[in-house]
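What follows is a short report on a single structure.
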Amino acid sequence: MSVRVALHSPSGSRSFLERGLLLLVILILLEGTVLTLGAASSPDIGAQDNTGGHDHRDDHRGIEGSRGNTNYTYTKKAFPVLSLDYHHIQVPFEISLWVLLASLMKLGFHLIPRLSSIVPESCLLIVVGLLVGGLIKLVGEEVPPVLDSKLFFLCLLPPIILDAGYFLPIRPFMENIGTILMFAVVGTLWNAFFVGGLLYAVCQIEGTYLSQVELLPCLLFGSIISAVDPVAVLAVFEEIHINELLHILVFGESLLNDAVTVVLYHLFEEYSGAGEVTPMDVVLGVICFLIVSLGGIAVGAIYGILAAFTSRFTSHTRVIEPLFVFVYSYMAYLSAEMFHLSGIMALIACGAVMRPYVEANISHKSHTTVKYFLKMWSSVSETLIFIFLGVATVAGPHSWNWTFVSVTVILCLVSRVIGVVGLTFIINKFRIVKLTTKDQFIVAYGGLRGAIAFSLGYLLDKDLFPTKTMFLTAIITEIFFTVFVQGMTIKPLVDLLAVKKKQEAKRSINEEIHTQFLDHLLTGIEDICGHYGHHHWKDKLNRFNKKYIKKCLIAGERYKEPQLIAFYHKMEFKQAIELVESGGGVKLPSAMPSQVSMQNIQPKKLPPAVAERALPQFTKGREEEIRKILRSNLQKTRQRLRSYNRHTLMADPFEDGWNDFLLKKQRMIELEKKMTEMSNYLTVPAAPPDSPTMCRARLASDPNAFYNIKASSDGVPTIQVDLASPQSPDSVNMLNEFSKRGATDQDLGQREGADRDEDQGLMMKPSSAGKEEKGEEEGGNKNPGLMRCLSDPGPSNEDEEDEPFLP
Amino acid sequence: MQETGFTPAHIVRLYDRFEALDKEKTGLLRPQDFGAINGLAMNPIGDRIIGAFFSPGQETVDFHSFVRILAHFRPEDKKRPKDPSMPEPVNSRTSKIKFAFQLYDQDKDGKISRAELLQVLRSMLEMQVTEEQLESIADRTIQEADLDKDDAISFEEFRKSLEKVNIDHKMSIRFLR
């Protein structure tokens, strides 16, 4: 098919024209097939099926021949060598086409850098949706109601929310939870009533011909339109990179106001029929709100714990680990929706609760998979949502009323500003770090509306709400206004007002240590003051967590791993990867990349049998094999890492930091000079028996000989290399040198031959101060670390890696 | 007490607390009185904090010093005019960092040596880590922060490594507004 050919054309630097042509071809294809997409996804458009499907069915009836005929009049026709059965694959085909369109659009925008820096992606996507819808209408077919509420709420929204919830930065979120809740609950309520009430007042004015709009529908409309939309906020804020505080404020608000919206929506919808709301109903509404929000969170938390618990046992089936994350989360969402609780809050709670435990349990590869899948799905979902918004706009039906629409837009802005300013005034009395005027402005201006409002409006019953189309038109206008006008101008405004941007730098270990230190300090001071504040409760929660919860939910012995160590491991790992990326042959930046990083802390010792089995002696042939495998894998790592370059992904630790890598290189050189007495926990190849170091290393790998060596040590450590640390042969070489005392100035790059990298477990011989148990610990220690990293063979040919090393 | 910036209401509240801690009603606090506080016993750096209240060589703390130390944790006054002639108020960012620095630097030589850092790490990480790991972390920490290569962290280097941390937020207690 022509489309397929066009798709294979070089994607390098497509000119705009090429892309436009491609787009046109796709669209033309779409117009014929998109018709029944709506039919597939929404049960209430059954009628369309006939009109759309007709042509196709007629077509292939002729071609197919005898398949449709009944059995008893079997007339032999020519065997159909090639037949077209579109109907067979229609629905999945159309869905795939839409997704493909969305992805191609996303791809295309980034080929025109100037455009994507001025106009946020969401706007462009809506425009594309408008074009597609327009094309379809032009051809005369009926535009499918693609933004069907069921499709939206069950398929398109969850990935985005899960992505947000799973990667929610818990600490800033919790620190600002009071502010966020104020904005979400009180702010939304204020918006809803202000807009609804004033609209009603305006409608009552003579001359607007709107007097048939009653109070309750107005309030309902107000509640629909007042909710800040997480999808739109995410889409726009991701591109402007403002500081963490503001981001979490607006974003947190958009997530948490779901509960309010749900309650208000149902409340007004229920009682619009009755025509009035009694105080009893208001009380019930408040109770409902509490149930909806707390219930949603509870449901999410339960599923989160289940997921964490399940992940504890997945050490043998690593391949399906990501699946648990996704399925449990989705079920949390669906369960909450089943009871009309807040699905969004359930999803957020599920992701946030399960994350620390799941991440401790699953392998690195699964973690990467989860991350990339979530990003991918949420990205596609977001794109689709915006395109569908455009299509739905064209689909109509619309009933434009100048007064209503313009008043809505103005009122929304005004109420948002007043709400934010008023609330901030109150909130600032309770905050340590106050919100400045600039912050308030951004929070107010960042209150974007989006597809959720539209879907909620779409759900309204036409009979109960005769003005539904007017509402829909107003909602769409408001969405367009916020997304286009506010979305496009927020970036230059942020620059103009010099709002603090996100700090790109990574956390250093210094910061981590000092932050923890300060936490303890503050907890202590709070105790002295007798004041049960923030830190006190956080400390209590942490203790509880460590004592009971982690024990249940984290596999193996890793639950004892303190946060600092985990952080340290991560840093080391990052550096090791950076090293590989840089092509090896470079001195390691830090003196202690380590063994430490690959080890699990394990105060209990493993049975000696296991320890022994885990350290087999190498034969020469094996070593060669291992070397080969390692080299090829490291190359793969390098290539793979280079290709990940999506700007929408969170700052990937492996991607950035070239410059400070070079800096580190320099520091390394200086550090070499200091490397005399320090015990070295360097990763080093367990190499052939030539070099004396290696001799010691190999001897050390035999746990029985361990103690003997230790006794006679005089400070020269024996080192093994952990397979899991991806280090290139050359670099590892260098480390070898550090193990030699005073071997500071040797030119490490040239020592290719003898000292080769082999990775077996890294066993650190303890330095002079080591104790007996520690020695054995180390033997055992290496094992879980190795196991965890290696036990995930992944779907490809990494199995070979595992065999020599695991018992 | 102008120098601390506490309001009279605060001072009263703190005095009540002081009296509650002072079991023997001597008007002075001793280390044991601090030790009786539950939370502090479990705090990994509890004894350091207690030590910070006592000036070197002194065995007791009177109310005046008690309040002065606690004044470090008052939230910063953003609107304070930057008057170079006045001494740095006790709750400014620099003073807060200095207070934290002094907690690390037990021997008061103006630097955090590797041994001192190790001590802190050991107490924070308790029994869960091997000695080697502690040393690795300590080495790395010093390597990261140490700009003048003297294998210790001076106050300036300490301050620099904390430049991204919002000290005012992290080292303030709302109670002491």
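Every chain is numbered from 1 and lettered A, B, ... according to where its sequence line falls, protein lines coming before strand lines. In this text, all values refer to a predicted model and were calculated from it rather than measured experimentally.
- A donor-acceptor pair is defined here as one N or O able to donate and one able to accept, closer than 3.5 Å; no such pair exists between the side chain of B:N43 and the backbone of A:L521.
- Once rounded to the nearest 0.5 Å, the distance linking NE2 of A:H514 with CD1 of B:I112 reads 6.0 Å.
- Between A:H520 and B:M124, the shortest heavy-atom distance links the atoms CD2-SD, 3.6 Å.
- We find the CD-CD1 distance between A:Q516 and B:I45 to be 10.5 Å, quoted to the nearest 0.5 Å.
- For a residue to count as touching a neighbouring chain, one of its non-hydrogen atoms must lie under 4.5 Å from one of that chain's; by this rule B:F18 does not touch chain A.
- Among B:P44, B:G46, B:A20, B:A100, the residue with the largest count of heavy-atom pairs under 4.5 Å with chain A is B:P44.
- Here the CD1-CD1 distance, from A:I525 to B:I69, works out to 8.0 Å after rounding to the nearest 0.5 Å.
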Are A:F517 and B:L121 close enough, and set up right, to give a side chain to side chain contact (heavy atoms under 4.5 Å, CB included), and what steps lead you there? CA-CA 9 Å; A:F517 185 82; B:L121 282 174; over 6 Å; no

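- Using a 4.5 Å cut-off between heavy atoms, B:L117 makes no contact with chain A at all.
- For A:E244, the CD atom sits in a loose shell: 12 or fewer heavy atoms of surrounding residues, nucleotides or ligands are nearer than 6.0 Å.
- A distance of 6.5 Å separates OH of B:Y104 from CD1 of A:I513, quoted to the nearest 0.5 Å.
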